[in-house]
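Pasting a structure here, questions to come.
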Protein chains: 2
Amino acid sequence: MTRMDRTSRRRRGAGRPTIADVARLAGVSPITASRALREPQKVSEELRGNVAAAVEALGYVPDPNARALASSRTDVIGVIVPSLTNNVFADVLRGMYDALEGQAYQIQLGNSRYQPAEEERLLTTFARQKPSALIVSGIDQTETARAILQDADCPVVQIMETGPDPIDMMVGFSHRDAGAAVVRHLIASGYRRIGFIGARMDPRSQRRLQGYHDAMDEAGLGDPSIIITTPAPSSVTLGRHLFRDLATRSAGLDAVFCNNDDLALGALFECQNMALPVPGRVGIAGFNDLEMMAAATPSLSSVRTYRYDMGLLSMRMALGAIQEEPIEERIVDLGFELAMRDSTAGPAT
Amino acid sequence: MTRMDRTSRRRRGAGRPTIADVARLAGVSPITASRALREPQKVSEELRGNVAAAVEALGYVPDPNARALASSRTDVIGVIVPSLTNNVFADVLRGMYDALEGQAYQIQLGNSRYQPAEEERLLTTFARQKPSALIVSGIDQTETARAILQDADCPVVQIMETGPDPIDMMVGFSHRDAGAAVVRHLIASGYRRIGFIGARMDPRSQRRLQGYHDAMDEAGLGDPSIIITTPAPSSVTLGRHLFRDLATRSAGLDAVFCNNDDLALGALFECQNMALPVPGRVGIAGFNDLEMMAAATPSLSSVRTYRYDMGLLSMRMALGAIQEEPIEERIVDLGFELAMRDSTAGPAT
DNA sequence: TTGTAGGCGTTATCAT
DNA sequence: ATGATAACGCCTACAA
């Protein structure tokens, strides 16, 4: 019988039904079955029904690996973030996953640990898999990384920041403008000796510091001695230490702009510890506006950034590009919002 | 010339060198080249060198999709966590990524959002890809989920918790014991009316509450009226609200055990707001011991859990099983540690 | 709209 | 230790 070859064919496969089985049962050719699944509108209603029934009967599920090999495309969307131990990126990822609801795409997540070389390595690995899209954090990719992204032949979105010449698409905001806006608010509230506390000092932190300089200089308040930064990773404890160092050496300090919210919380705790009234003796502002900021006593000022939306939108842009929808804007600036609370109500008079 | 078919073969592929190209250049058959890369010890030193040279010369990199199809195995390790907006899992993931250093495996991350049905859906998708291993959070998988995991034909690790009958392997600790230990400490410190504040109330939270009951009942202090829980997701703000509700309705309350650190921080802020001295008037303990706890003013007590280690070890166990190393322990209990600080120093006398 | 032919790049099988 | 052969399961290109 010609059925014998069917047996011998079984040598390797564990026996899961293939699209050929579906086709046979539906009485069509494999390619028609394939089309019925991927491009239903290109198949007559009748055959489509037959195929659907066969799929149902056999419990057929397509093999993503075979599909990937044949079409040189996977359903993987590579995402590279610089940190996982950071609520900021957790929110971004949440937005991305939400955008993927009901979509047949998988996120492949890479953690570059704020190291450009690691980002290159990850991109190399990711690109090899022929992903449907790639999303990277920041705009400071190395030349090599940019080249990989350009050659990847898929939509690319840079997130968290905006800047000139996107690789492909971009969604973020200006950290420099945001930094300047906070500091201008502090100045408007009456603070004068406004220090800067910064940890990690990755490119985006650097640009927030730039914004700080912009605002301080334009007000004639610039003074390098009230800036304290470290490449060490941020933490609440670090915020305490840095604040204490700065407050100790700069007697007149009356406010601090912290690089992020963890540092700001640390500064608050240290003020409580040193019995420095906030906001009367010291004003405190953070960055990102994590949930805890509004709940602190006193409530802590911060800069609200649209992390979830950046994640959501970046993924939507990627999906749109994958489906070859026309791209409306290559660079989307989501802006920011000052969330000024009790901790910057102004110095005691 | 026979070279013509080489040209026509170029129709589809973008032209990246394949293993056939390597083999040709090295003067060996494709399968030998393949072996030289995957199982070097099975190929003579000479040919191995030739192949290596050819790989180098051509800049050959294997196609993971083709490899997956041919071997019905990917280098993907599926990981499902219930939340991303949660430092707890960020630490776990960090451990996992660290364990993968220098390994040729990719993490495919899924977020079940604390929904068993979503976990099932993700597992279905993941299993389809024939992953090298699967790691899931908790021990409360549905029957369907367990079946999928069992049929996946790859190592499976359940993390965050220990319990009877693992699907395959397990690494975690007893939330119930940990909960009981904290409360016993509070009692030993002199607190009597110890409330429980719980958010989300996922299975692990439930078991912490169980531990609370264990300790309270054994001391004859049990009182359902000083327990407040909600299925709502945890937050600092929620901690404030829940504490205020509980403190308002339970006059004698002198301490709270919070389900997690965010709630504990919220409780602290609310105490500051209500001018209730901590720890003299109210003792506060959290769970997880996030970094901020030690930095708070006063420093906040918590239960130290080995999140990073759970991530690291679970991945190492998975890798070991993939490489078919003998499994020493199927269930690893990493335990916990009380981190008792100022916030539970005892009631004022 | 449907089908035929063949290839995608690699590895398992079996023989030498 | 090495190689010839045949999958792996699906999809692109082209034809009908």
Side-chain angles (χ1 to χ4, degrees), chain A residues 4-24 26-51 55 58-75 104 128-130, chain B residues 5-24 26-51 54-55 58-75 104 128-130:
Chain A
M4 237 180 50
D5 59 9
R6 185 141 176 285
T7 305
S8 70
R9 189 184 301 156
R10 278 287 149 107
R11 255 189 323 180
R12 279 215 275 172
R16 263 184 32 187
T18 73
I19 201 159
D21 298 323
V22 172
R24 208 172 301 131
V28 300
S29 74
I31 185 59
T32 300
S34 173
R35 272 197 284 255
L37 296 174
R38 289 174 301 125
E39 312 169 285
Q41 74 285 3
K42 288 197 175 176
V43 172
S44 73
E45 197 166 335
E46 182 190 351
L47 294 190
R48 206 189 311 154
N50 295 350
V51 171
V55 165
L58 264 38
Y60 167 77
V61 283
D63 180 330
N65 297 132
R67 178 172 283 180
L69 180 59
S71 66
S72 29
R73 263 286 161 262
T74 63
D75 57 2
R128 207 167 284 169
Q129 315 193 24
K130 297 166 187 158
Chain B
D5 59 7
R6 183 139 179 286
T7 305
S8 69
R9 187 184 303 157
R10 278 288 149 109
R11 254 189 325 181
R12 279 214 274 170
R16 262 183 33 185
T18 74
I19 202 161
D21 298 323
V22 172
R24 208 173 300 129
V28 299
S29 75
I31 186 61
T32 300
S34 176
R35 272 197 283 257
L37 295 173
R38 289 174 301 124
E39 311 170 284
Q41 74 285 2
K42 289 196 177 178
V43 172
S44 72
E45 197 165 335
E46 183 188 350
L47 293 189
R48 205 190 310 152
N50 293 351
V51 171
V55 165
L58 264 39
Y60 166 78
V61 283
D63 180 329
N65 297 132
R67 175 171 285 181
L69 180 58
S71 66
S72 37
R73 263 287 162 260
T74 62
D75 57 2
R128 207 166 283 170
Q129 314 193 24
K130 297 169 189 158

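Sequence lines set the chain letters: A, B, ... in the order given, protein chains first and strands last, and positions in each chain run from 1.
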Could you note down all residue pairs passing side-chain hydrogen bond (donor to acceptor under 3.5 Å, both in side chains) where residues 29-42 of chain A supplies at least one of them, sequence neighbours left out?
->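 Of all non-adjacent pairs touching residues 29-42 of chain A, those that pass side-chain hydrogen bond (donor to acceptor under 3.5 Å, both in side chains) are Ser29(A)-Thr32(A), Ser34(A)-Arg38(A).
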
Spacing between Arg24(B) atom CZ and dG3(D) atom P, to the nearest angstrom =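 From Arg24(B) CZ to dG3(D) P: 14 Å.
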
Contacts to DNA chain D from residues 27-36 of chain A, heavy-atom cutoff under 4.0 Å, which residues?
-> Ile31(A), Ser34(A)

Rounded to the nearest Å, what distance is computed from the CG atom of residue Leu69(A) to the P atom of nucleotide dG7(C)?
-> 14 Å

Going through the checks in order, is the side chain to side chain contact (heavy atoms under 4.5 Å, CB included) test met by Arg67(B) and Asp75(B)?
-> CA-CA 9 Å; Arg67(B) 175 171 285 181; Asp75(B) 57 2; over 6 Å; no

Sequence neighbours left out, what passes salt bridge (Lys or Arg N to Asp or Glu O under 4.0 Å) with Arg73(B)? Give chain and number order.
-> Asp153(B)

For Val43(B) and for Lys130(B), find the nucleotide of DNA chain D with the closest heavy atom, then tell me which residue's nucleotide is more 5'.
->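 The residue mapped nearer the 5' terminus is Val43(B).
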
For DNA chain D, find the residues of residues 61-68 of chain A with a heavy-atom distance under 4.0 Å and give them by number; none if there aren't any.
->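 Result for residues 61-68 of chain A: Pro62(A), Asp63(A), Ala66(A), Arg67(A), sorted by number.
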
Taking atom OG1 of Thr18(B) and atom CZ of Arg16(B), what is their separation to the nearest 0.5 Å?
-> 10.0 Å

How close or far is atom P of dG3(D) from atom CD1 of Ile19(B), stated in whole angstroms?
->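 From Ile19(B) CD1 to dG3(D) P: 13 Å.
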
To the nearest Å, how far apart are Leu37(B) CG and dG9(C) P?
->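 From Leu37(B) CG to dG9(C) P: 16 Å.
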
For Arg128(B), all residues meeting side-chain hydrogen bond (donor to acceptor under 3.5 Å, both in side chains), sequence neighbours excluded |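 Partners of Arg128(B) by the side-chain hydrogen bond (donor to acceptor under 3.5 Å, both in side chains) criterion come out as none, since no residue qualifies.
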
Closest to side chain of Arg38(B), choosing from dC11(D), dT11(C), dT2(D) =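 Looking only at heavy atoms from C-beta outward on Arg38(B), the closest nucleotide is dT11(C).
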
Tyr60(A) OH to dG9(D) C1', straight-line distance once rounded to whole Å | 7 Å

With side chain to side chain contact (heavy atoms under 4.5 Å, CB included) as the test, would you mind laying out the steps for Val43(B) and Val28(B) before giving the verdict?
-> CA-CA 11 Å; Val43(B) 172; Val28(B) 299; over 6 Å; no

pair Ile19(A)-Leu37(A): side-chain heavy atoms closer than 4.5 Å =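 They are in contact (side-chain heavy atoms under 4.5 Å apart), so the answer is yes.
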
Audit row: Val55(A), Val51(A), side chain to side chain contact (heavy atoms under 4.5 Å, CB included) steps and yes/no = CA-CA 6 Å; Val55(A) 165; Val51(A) 171; 4.2 Å; yes

With sequence neighbours excluded, tell me which residues meet side-chain hydrogen bond (donor to acceptor under 3.5 Å, both in side chains) with Asp63(A).
->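 Partners of Asp63(A) under the side-chain hydrogen bond (donor to acceptor under 3.5 Å, both in side chains) test: Lys130(B).
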
Does Ser44(B) place a side-chain N or O at less than 4.0 Å from the phosphate oxygens OP1/OP2 of dT2(D)?
->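 So the side-chain polar atoms of Ser44(B) do come within 4.0 Å of the phosphate oxygens OP1 or OP2 of dT2(D), strictly under.
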
Take the protein atom NZ of Lys42(A) and the nucleotide atom P of dG3(C), then report the distance between them rounded to whole Å.
->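 Going from Lys42(A) (NZ) to dG3(C) (P), I get 15 Å.
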
Quickly work out the Glu39(B) CD to dT2(D) P distance and round it to whole Å.
->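 For the pair Glu39(B) CD and dT2(D) P, the rounded distance is 13 Å.
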
